[in-house]
Number of protein chains: 2
Amino acid sequence: MTRSSLTSGTTDGSGITSGTRDETGRATRSRTRDETAGPATAHQAGTDATPSPDASADGRRRAATIQDVADAAGVSRAAVSKVIRNAYGVSPQMRTRVEAAIARLDYHPRVAARAMRGATFTLGLEIPQIGNDFHSVIAEAAADVLADTPYQLIIAPIRDPQVGDQALQSLVDRQVDGIVAVAPLVSTDWLESLASRTPVVMVGRHDVSAHYDTVAGDDETGAEQVMEHLVELGHRRIAFLDIDRSRSTGKSYISPTGRDPHSIRQRVYREHVGALGLRPRLIQAHGHMEEDAAVAVREALGQTNRPTAIFAGHDTLAVGALRAVAELGLEASEVSVAGFDDIPIASHPRLALTSVDQQGYAMGQEAVRLLLQRLDGRTEPVRRVMPVTLRVRASTAPPRERS
Amino acid sequence: MTRSSLTSGTTDGSGITSGTRDETGRATRSRTRDETAGPATAHQAGTDATPSPDASADGRRRAATIQDVADAAGVSRAAVSKVIRNAYGVSPQMRTRVEAAIARLDYHPRVAARAMRGATFTLGLEIPQIGNDFHSVIAEAAADVLADTPYQLIIAPIRDPQVGDQALQSLVDRQVDGIVAVAPLVSTDWLESLASRTPVVMVGRHDVSAHYDTVAGDDETGAEQVMEHLVELGHRRIAFLDIDRSRSTGKSYISPTGRDPHSIRQRVYREHVGALGLRPRLIQAHGHMEEDAAVAVREALGQTNRPTAIFAGHDTLAVGALRAVAELGLEASEVSVAGFDDIPIASHPRLALTSVDQQGYAMGQEAVRLLLQRLDGRTEPVRRVMPVTLRVRASTAPPRERS
DNA sequence: ATGAAAGCGCTAACAC
DNA sequence: GTGTTAGCGCTTTCAT
């Protein structure tokens, strides 16, 4: 009933349509309308004949649709649609009327319905680990940039690192207008195919791609600076701490090109160590969390001829290393630790972690800006490499005893 | 081409459909049709050698729809729908055929289309600040619990704390099946109305609500333990560090009932300080970030008769306080710091922050579990309060000089 | 400038 | 057990 009163004004118009389709359509609508309200949605379907639903009164009323707004404003759905999209072809007075109705009914367009035809005004951010501060900074930057746009941000955390594409796919299924992905272990082929359909910006990978942009730090230079710094301090037993990637290779998710940040950092480490005629020492953590690193480093430091310096693949691991070092009562002159990313906590005086600043916040900003450009029509891929700076702090010091 | 080969065998079947609808449908399809099957998606479904795996060739094909799958499997859309929803009424052989077609076409149901009729199998998590480790832990727990379910998690960060309901509304617009919200500054009325339409679980608020569940720590006891601990150590000049909330009161978003965690913690602080006949000292940070706290504490410590202990509203602020304290070369015996939440970094030996453990991970888990229960039909509200434990660490110590 | 109508891809009712 | 069909709430031609 509510429905029929709402539509009554347009019922005649529907008669224009050809044949059965419309007729049944009308009939069914008034039927389903009410019951849709029913189940868990608790719609209430207030039967009052009031043309203007006054949504504020009742907390259970069905949410207003574009049709409700159109009826309330005495215009067509198309007109309302144009108003809410700021599209061309609406007179000021109509706009005013429609906006008033929207406000009155507290109308919010359903994103799902929009997705069926047009844009969702939603951008997806995919991050590998929620707890990693470097990723948080990127997310923060992304959210900040988007604050001045009509776009909303949704974040899809990766469940299982082994199936990094799941989170990405979930974003696709959700028909986001664009995606910023942070270094997931996804094959470049898959990415390329995805990017040919949806605007994509990859953060932290140096892929050479045809369809998506990349924003990455200068991992090569950063790792070089760390190694030069440690060597200059006098360290010779330098270990590289990273996640045990061997377990992931099974499904060959790892970028085989070695263009991911960690492969590069480790390669540079190996090169430097090799150039000095030293043997590489790898400390493998079983996970990406701080505690995983602490466990691995505790063990490594328990062995004889322990390293005097640890270069961690990223800061979260470095903080974990520092934990193990501190627990053992060791100082930087005994075991130095350097990281990568310069996460906010690294500069805390109690940690004073030497780290490579790759401007995470700027990277996040840039990634979203590039995505907005793509949304705006750009198609040629862009590869952005952020300059890095080594922040030397107290966690690295000359070794007490030279090896 | 690819497409035609796929449909060729079933084109006749499509003729079954009535009239123009189908005709245009076909037309559009063959036009846009091209590729979708992402190689790396690992769908591959062992059943190779089938006609039309291709897909890897072209990166622009339109994604497969349920109709494509139906055609490829030679069944109806409804049949496919039943298969993907695990619904009743599908013969094993049809299931097999359909699943093969799904794998072959790399079909993924569009969430938006689903949302128009049924469930989205998406749960939304709303968190106030992305960079706050306590929130990260909750998000992590939520993601972990959901890993064993068909539900996907999306996170909506709050843009502007002043308009906390925006992120929540965005989740609603997206028609998520349920929402976990972490202590946003939203009016209880609005929440109640929202919760009457969508399953909602609030984390960190002690609201007494009719339609949503709450999961919160025992803020009262936690704050009491902190104060008792500090007083017992001998502190008398105890300051409370929190965010300056006065600026937010403009739109009265703050829960007027004082049931939010920070109001409670501050109230307990005031009560204890009052009972000792001391005057309360408030240090107000201008934001929720560590640096905001550091700025405020730096200033507070510069004044004469500075506090000998600081009770921070939450750990991120506490870490910031510790930063200011450390910068000034002060130790716990000069300025003690205690926090709330016991975020992972708090236990780092270099920080050793005394804090109240309110089991953030368990809270996140419980919140999602409650939400799943609601999804399963429960409607009576549940209020869960997590027991707390004071973790005493080195950041608090007896004051060198008693005041 | 405005409105009518055709779907977008899916699920749910209902036929068979 | 399987297929047919009517929409969900929007955007978008295309008339007017």
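In what follows, chains are A, B, ... by sequence order, proteins preceding strands, each numbered from 1.
Distances were taken from every side-chain heavy atom of A:Met116 (C-beta onward) to each of D:dC10, C:dC10, C:dC8; the shortest belongs to C:dC8. Checked against C:dG7, C:dC10, D:dG3, the side chain of B:Ser76 finds its nearest nucleotide in D:dG3. Among C:dG7, D:dG3, D:dC8, the nucleotide with an atom closest to any side-chain atom of B:Ala78 is D:dG3.
DNA chain D is contacted by both A:Tyr107 and B:Val90; B:Val90 maps to the nucleotide lying nearer its 5′ end (nearest heavy atom per residue). Each of A:Ala119 and B:Ala115 lies near DNA chain D, and the nucleotide nearest B:Ala115 is the one positioned closer to the 5' end.
At least one side-chain heavy atom of A:Tyr107 sits less than 4.5 Å from a side-chain heavy atom of A:Ile66.
Between B:Phe121 atom CZ and C:dC10 atom P the separation is 14 Å, expressed in whole Å. Atoms CD (B:Gln93) and P (D:dG1) sit 12 Å apart, rounded to a whole Å. To the nearest angstrom, C1' of C:dG3 lies 13 Å from CD1 of A:Ile66. Rounded to an integer number of Å, the gap from NE2 of B:His108 to P of C:dG9 is 16 Å. In this structure, the CD atom of B:Gln67 is 10 Å from the P atom of C:dC10, given to the nearest Å. A straight line from CZ of A:Arg114 to C1' of D:dG9 spans 11 Å, rounded to a whole angstrom. Residue B:Arg110 contributes atom CZ, which lies 6 Å from atom P of C:dG9 at whole-angstrom precision. Atom pair B:Asp71:CG and C:dG9:C1' shows a separation of 13 Å (rounding to whole Å applied).
Interatomic distance, A:Leu371 CG to A:Asp177 CG, rounded to the nearest 0.5 Å: 9.0 Å. Atom NE2 of B:His211 is separated from atom OG of B:Ser196 by 5.5 Å, given to the nearest 0.5 angstrom.
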| said: Does B:Val80 form a side chain to side chain contact (heavy atoms under 4.5 Å, CB included) with B:Val83? I'd like the steps, not just the answer. | reply: CA-CA 5 Å; B:Val80 178; B:Val83 169; 5.5 Å; no
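Listed in residue order, the members of residues 81-88 of chain A having a heavy atom less than 4.0 Å from DNA chain D are A:Ser81, A:Ile84, A:Arg85.
Between the side chains of A:Ser81 and A:Arg85, at least one donor N or O sits under 3.5 Å from an acceptor N or O. Between the side chains of B:Thr122 and A:Arg174, at least one donor N or O sits under 3.5 Å from an acceptor N or O.
Nearest heavy-atom pair, B:Lys82 versus B:Gly89, reported as atom, atom and distance to 0.1 Å: CD-O, 4.2 Å.
If you check every strand for non-hydrogen atoms under 4.0 Å, A:Gly118 touches sugar and phosphate atoms only.
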